[in-house]
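Please read these numbers as outputs of a predicted model, since none were measured by experiment.
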Amino acid sequence: MWTQTKRLLIAAGLSLLLLPIGLIINPDIGLGPLLGLWLGGTLAGLFGPTFRILLLGSGLCALLVAAVVFTPLTKWLTDWLVVQEAPQKADLIVVLGGGMHCGAGELEASSLARLQKGLELWRAGFAPRISLSDTVGEIFGDARCPSLGLEARARVQALYGAEGPEIVLLPKMRTTRTEALAVAEVVRARGWKRILLVTTPAHSRRSVGAFRKLGLDVVSVVSSEPRFDLALAAPADRLQALTPLAREYLGLLKYRLNGWI
């Protein structure tokens, strides 16, 4: 009985320590699922085989954290994802959707960074118009969440009024794939040629691949990275980079398997 109690206590502690890693990889996870993961990990201590699996998983997570914090692994993985090209004259600046703070109804930092870069390119005269993604709230986990594209358009209009760029709104966007399909349709319908594709650095390889797969003439111009320092010299920045890295490498795998890139 004492052995089983010890296993339960160890399992509860290990599960609790692993939760911050889960939050870094998926910061959108809710309180309920998070509590369920902890309880599930704790109950793994009741049985020898599941307890050994928990110990093995904890050890692998510890090795992952050590590799992230103490080695250049994160920097190498991030650098490979970045596709940065010199901007050229184009017909359209495509600002890909980022994130939303649904409670406050505000653009998340990555969305602001992408929008800022798109406006910089417009002000520099590279293209006369910008596309924005009119999203549905469900992609952010809340059907009541405002549309990212509508919020971005309102911000542009507040800044520039009638003197601002022409805005092309892409309706009901959910993924980079749907954005690529919508842009391809608009570009071909209006007889446009080249587009400047604006997104955050780690997202650029997957996004430019998805657009070029559809035969579009694309120039990849990345925005700044507001979530962490791209130099990745500090351990805290390396940990913060885990979230986009995990999403992008899993996204690349999914897109390749589906033939989207």
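- Looking at every heavy atom in both residues, Val69 comes nearest to Pro235 through CG1-CB, 3.7 Å.
- Residues Leu148 and Ser111 approach most closely at CD1-OG, 3.4 Å, considering heavy atoms.
- Using a cutoff of 4.0 Å between basic side-chain nitrogens and carboxylate oxygens, Arg153 and Glu166 are not scored as salt-bridged.
- Linking ILVMFWY side-chain heavy atoms closer than 4.5 Å, directly or via other members, places Val222 and Leu112 in two distinct hydrophobic clusters.
- Considering only heavy atoms from C-beta on, Met100 comes within 4.5 Å of Pro146 through its side chain.
- In summary, Glu85 and Arg212 engage in a salt bridge, as defined by a charged side-chain N under 4.0 Å from a carboxylate O.
- Between the side chains of Tyr160 and Arg155, no donor N or O sits under 3.5 Å from an acceptor N or O.
- Summarising the local packing, CD of Gln88 is surrounded by more than 12 heavy atoms from other residues, nucleotides or ligands at distances under 6.0 Å.
- The hydrophobic clustering, which links ILVMFWY residues whose side-chain heavy atoms are closer than 4.5 Å, places Leu242 and Leu252 apart.
- With rounding to the nearest 0.5 Å, the separation of CD1 in Ile261 from CZ in Arg177 is 11.0 Å.
- Residue Pro87 comes nearest to Leu196 through the heavy atom pair CA-CD2, 4.4 Å, listed as atom of the first residue, atom of the second, then distance.
- Taking CG from Asp229 and CG from Asp237, the interatomic distance works out to 5.0 Å, rounded to the nearest 0.5 Å.
- Panel note: side chain Ser220, backbone Val83; a donor-acceptor pair is recorded below 3.5 Å.
- The shortest non-hydrogen separation linking Arg238 to Thr71 is NH1-O, 3.8 Å.
- In this structure, the side chain of Thr78 does not engage the main chain of Lys75 through any donor-acceptor pair within 3.5 Å.
- Each side chain to side chain donor-acceptor pair (under 3.5 Å) pair with one or both residues in residues 92-109, not counting sequence neighbours, appears once here: Glu108-Ser110.
- In terms of heavy-atom proximity, Pro128 sits nearest to Ala90 at CD-O, 3.9 Å.
- One finds the OH atom of Tyr249 at 4.0 Å from the CG atom of Leu81 (value rounded to the nearest 0.5 Å).
- Trp80 carries Arg205 over the face of its six-membered ring, with the cationic atom under 6.0 Å from the centre and within 45° of the normal.
- With rounding to the nearest 0.5 angstrom, the CD atom of Gln240 is 11.0 Å from the CG atom of Leu232.
- Of the possible donor and acceptor atoms, one in the side chain of Arg114 sits under 3.5 Å from a partner among the backbone N and O of Gly97.
- Leu92 and Met173 fall within a single hydrophobic cluster, where Ile, Leu, Val, Met, Phe, Trp and Tyr are joined by side-chain heavy atoms under 4.5 Å apart, directly or via other members.
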Original post:
Please walk me through it: do Leu170 and Val183 pass side-chain contact (heavy atoms from CB on, under 4.5 Å)?
Top reply: CA-CA 8 Å; Leu170 308 176; Val183 169; 3.6 Å; yes
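- Of the inter-residue distances, the one linking Ile195 atom CD1 with Leu197 atom CG reads 5.5 Å to the nearest 0.5 angstrom.
- Side-chain contact between Leu150 and Leu169 is present, with at least one heavy-atom pair separated by less than 4.5 Å.
- Between Val221 and Gln84, the closest heavy-atom pair is CA-OE1, 3.4 Å.
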Original post:
Please walk me through it: do Lys254 and Leu250 pass side-chain contact (heavy atoms from CB on, under 4.5 Å)?
Top reply: CA-CA 6 Å; Lys254 176 182 177 180; Leu250 288 173; over 6 Å; no
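- Arg206 forms a cation-pi arrangement with Tyr255, by the criterion of a distance under 6.0 Å to the ring centre and an angle within 45° of the ring axis.
- Residues Val168 and Trp192 form a side-chain contact, since some pair of their non-hydrogen atoms from C-beta on lies under 4.5 Å apart.
- At least one side-chain heavy atom of Val198 sits less than 4.5 Å from a side-chain heavy atom of Ile93.
- Put simply, NZ on Lys213 and CG on Leu181 are 12.5 Å apart, with the number rounded to the nearest 0.5 Å.
- Using a distance-only test at 3.5 Å, with no hydrogens or angles considered, no donor-acceptor pair links the side chain of Arg194 to the main chain of Asp91.
- For the pair Ser133 (side chain) and Thr135 (backbone), a donor-acceptor distance under 3.5 Å is absent.
- In this model, no donor atom of one side chain and acceptor atom of the other lie less than 3.5 Å apart for Glu225 and Thr200.
- Both Leu107 and Leu121 are members of a single hydrophobic cluster when ILVMFWY side chains are connected at heavy-atom separations under 4.5 Å.
- Taking hydrophobic clusters as Ile, Leu, Val, Met, Phe, Trp and Tyr residues chained together by side-chain heavy-atom distances below 4.5 Å, Leu239 does not share a cluster with Leu245.
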